[in-house]
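Below you'll find the structure, written out as structure tokens, and then a few comments.
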Amino acid sequence: MSIAVLRAFVAKRKEEHEALANKRNKSHQENKQSETSVQNGEDASTSHLDEMDVVPEKDLNQAQATKTPSWKVTRELKPPLVLEALAASGLRSLRYAREVDGLGKVVALDNDKASVDCCKWNIKFNGASSTSNVEAHLADARVYMLTHPKEFDVVDIDPYGAPSVFLDSAVQAVADGGLLMCTATDMAVLCGTNGEVCYSKYGSYPTKGKYCHEMALRILLASIESHANRYKRYIVPVLSVFMDFYVRVFVRVFTSPSEIKNTPLKLSYIYQCVGCDSFHLQCLGRSISKDSTVKHAPAIGPVVPQECSDCGKKFNVGGPIWSAPIHDQDWVVSTLAGVKSMKDRYPAYDKITSVLTTVSEELHDIPLFFNLHNIAGTVKCTSPSLVMFRSAVLNAGYRISGTHVHPLGVKSDAPWDVIWDIMRCWVKIHPIKEQPHDSPGTTILSKSPTLEADFSRAGAALSKAQMKKVKRFLPNPERHWGPKVRAGRKITSKHVSLLGPEAINSILNGAVRHEGGNGAVTDKPAPEPEGIKEDEPSTKRQKTGDDEQANEP
């Protein structure tokens, strides 16, 4: 995915440079035509100059030959410089240098000497082309980026866990109009399990909901924007994706003291109902246009009453999060087209195209989403099919789409009273058992629908990808897919859910190997961890002597 976006950035950067050069040439031609018309209208007497003001023709020709007009002076587009701040063995830097055409120097950083030595060995192993284009340095990434402000066109940050400590220096190291690629793998923090930790790292408080992974993307974008604003810079997201077990954002960084005044318009607080799945966004600011001036003012709120108007429960408040679009539609389409045109050069072609295809069909101006099964579970009814629900929303005159984050996720601009009216009409067709009187579903269904839902099949109920049967959500490539154990941790039976029982047994068998008295190496069979079966891995920490078994000499 990173290589695909980087190739799109190189092409887009070249297009923008050519467009700027053409604009300057066009502007010069218009100025020259206006000057010619003015000279033709002048009186003939102005052509007589004083003898003191006459410039010899020889000197004039020399001046014209030595001086280039300012409109022709266009800075040559240099190849983009790339910085991988946390390179480890440098494999990603080498892939950038070898697979992406048009790149300049790639700098790989790490503060571990063994990793830098391994990176240098990999550079030499990959031949002269890599040796000339990739450099490895032993340095603290934060210090290095702070001492090289606006020097790199591309900065890649992919730490193990939270990237929050690198954001302040990263937004300063990116050149104006450059690309910042950032990954976060601390999903438990970003998705609301540890809300106070998320606030301390990213400055936002998450709320729990099925949209938590998209909220993680928006919290990360809001944090990057906050760091950029401190240096009169702002970001423009081009692609933000949740894949496997991490989130990754691609943003461009620009400098404009006036543009950062619009940042409050891109951030919102979220009100999440604790009874039903409804949520509402409260923007931080608003703009007031008067004549030719635009003034900024605080937003008017709150957008919700003290209790939910649908189920009567209270609200939890979270945020602020990025509520502006998290993708650039043109970038997504061009990146997808580039990937399809170079199919043989992408080993993970199916995965990349499935994500980009789903992203291209999202409603980019609708923040967050809701889960169809969840809202059906709230009213305790059988869930309608996704096609029928989408048809009901479309027939009501609203927009609707899926999301790349969840197969059952639904994005729509329909207000929540319309969503619940559709579910009320569905329950009339498919009656349910009587529920407790104080449940949120009973309160919702007790109200009469003001909208008569039409579940007849709509033409746009299926997306183009669904109609063409394009794969959008691929299964995991192997069992126990997910983040592995942090480097340096001791492997015990509690990691069976991450590594699988076979890997655990082989590690434990290797740990209990010992040398006999005659120097021969004998194997001592490792006792199988208590309560763990191969077909039913357990995620609970064992209270037996597993650690002692793994530490036997």
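These numbers were taken from a predicted model, which means no experiment stands behind them.
Judged by distance alone, with hydrogens and angles left aside, the side-chain atoms of S164 form no donor-acceptor pair with the main-chain N or O of Y202 at under 3.5 Å. Side-chain atoms of T193 never come within 3.5 Å of backbone atoms of V189 as a donor-acceptor pair (strictly under, hydrogens ignored). For the pair T403 (side chain) and H406 (backbone), a donor-acceptor distance under 3.5 Å is absent. A distance-only check finds a donor-acceptor pair linking the side chain of S204 to the backbone of P320 [under 3.5 Å]. Side-chain N or O atoms of N262 include none that pairs as donor or acceptor with a backbone N or O of L265 at under 3.5 Å. T442 contributes a side-chain N or O that, together with a main-chain N or O of P436, makes up a donor-acceptor pair within less than 3.5 Å. In this structure, the side chain of Q272 does not engage the main chain of G318 through any donor-acceptor pair within 3.5 Å. Not a single donor-acceptor pair under 3.5 Å links the side chain of S278 to the backbone N or O of C273. The backbone N or O of S354 lies less than 3.5 Å from no partner atom in the side chain of T357, so there is not a single donor-acceptor pair. Side chain of R252 to main chain of G177: a donor-acceptor pair is present (N/O by atom type, distance under 3.5 Å, no hydrogens or angles).
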Step by step, work out the salt bridge (Lys or Arg N to Asp or Glu O under 4.0 Å) result for R248 and D156.
CA-CA 10 Å; R248 186 160 174 83; D156 191 349; 3.0 Å; yes
Could you walk me through whether K447 and W420 pass the side chain to side chain contact (heavy atoms under 4.5 Å, CB included) test, one step at a time?
CA-CA 10 Å; K447 302 176 182 179; W420 292 124; over 6 Å; no
Might you work through the side chain to side chain contact (heavy atoms under 4.5 Å, CB included) test for L445 and I432, ending with a clear yes or no?
CA-CA 11 Å; L445 295 178; I432 62 173; 3.5 Å; yes
How far apart are the C-alpha atoms of L179 and V174, what are their side-chain angles, what is the distance that settles it, and do they pass the side chain to side chain contact (heavy atoms under 4.5 Å, CB included) test?
CA-CA 7 Å; L179 183 68; V174 184; over 6 Å; no
Check the pair V253, D176 against side chain to side chain contact (heavy atoms under 4.5 Å, CB included), reporting the backbone distance first and the verdict last.
CA-CA 6 Å; V253 183; D176 202 37; 6.0 Å; no
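K343 NZ: 12 or fewer foreign heavy atoms inside a 6.0 Å radius. By the 6.0 Å contact criterion, OH on Y349 is enclosed, its count of non-hydrogen atoms from other residues, nucleotides or ligands being greater than 12.
Residues in residues 364-388 take part in these salt bridge (Lys or Arg N to Asp or Glu O under 4.0 Å) pairs, two or more places apart or across chains: D365-R399. Within the structure, salt bridge (Lys or Arg N to Asp or Glu O under 4.0 Å) contacts touching residues 301-312 (residues at least two apart or in different chains) are E307-K314. Applying the salt bridge (Lys or Arg N to Asp or Glu O under 4.0 Å) definition to pairs two or more places apart or across chains, those involving residues 420-437 are D421-R424. Under the side chain to side chain donor-acceptor pair (under 3.5 Å) criterion, no residue pair touches residues 280-295, with sequence neighbours excluded. Applying the salt bridge (Lys or Arg N to Asp or Glu O under 4.0 Å) rule to pairs touching residues 189-214 yields E214-R218, E214-K411, sequence neighbours excluded.
In this view, R457 and V387, S391, A461, L462 satisfy the side chain to side chain contact (heavy atoms under 4.5 Å, CB included) rule, not counting sequence neighbours. Listed by chain and number, the residues in a side chain to side chain contact (heavy atoms under 4.5 Å, CB included) with Y231 are D168, V171, Q172, R233 (sequence neighbours excluded). With sequence neighbours left out, the ring-ring contact (aromatic ring centres under 6.0 Å, His included) criterion links Y346 to no other residue. The ring-ring contact (aromatic ring centres under 6.0 Å, His included) test applied to W322 returns no partner, not counting sequence neighbours. For H327, the ring-ring contact (aromatic ring centres under 6.0 Å, His included) partners are H364, H404, not counting sequence neighbours. With sequence neighbours left out, the ring-ring contact (aromatic ring centres under 6.0 Å, His included) criterion links W426 to H430, F455. Qualifying side chain to side chain contact (heavy atoms under 4.5 Å, CB included) partners for L394, counting only residues two or more places apart in sequence or in other chains: I400, A458, A460.
Nearest approach of I375 to D277, heavy atoms of both residues: N-OD2, 3.5 Å.
Contact annotation: the side chain of P163 never approaches that of T183 to less than 4.5 Å [non-hydrogen atoms, C-beta and beyond]. Side-chain contact between L180 and I224: present, with at least one pair of heavy atoms (C-beta onward) separated by less than 4.5 Å. Here the side chains of I366 and S412 are not in contact, with every heavy-atom distance at 4.5 Å or above. Considering only heavy atoms from C-beta on, T358 stays 4.5 Å or farther from V405 through its side chain. Counting only heavy atoms from C-beta outward, the side chains of S169 and R142 approach each other to under 4.5 Å.
Each of F370, F279, F242 was checked for a ring pair (Phe, Tyr, Trp, His ring centres under 6.0 Å) with Y211, and the lone residue meeting it is F279.
Between D328 and K12 no salt bridge is recorded (no basic side-chain N to carboxylate O distance below 4.0 Å).
A donor-acceptor contact under 3.5 angstrom links the side chains of N229 and T263, judged on distance only.
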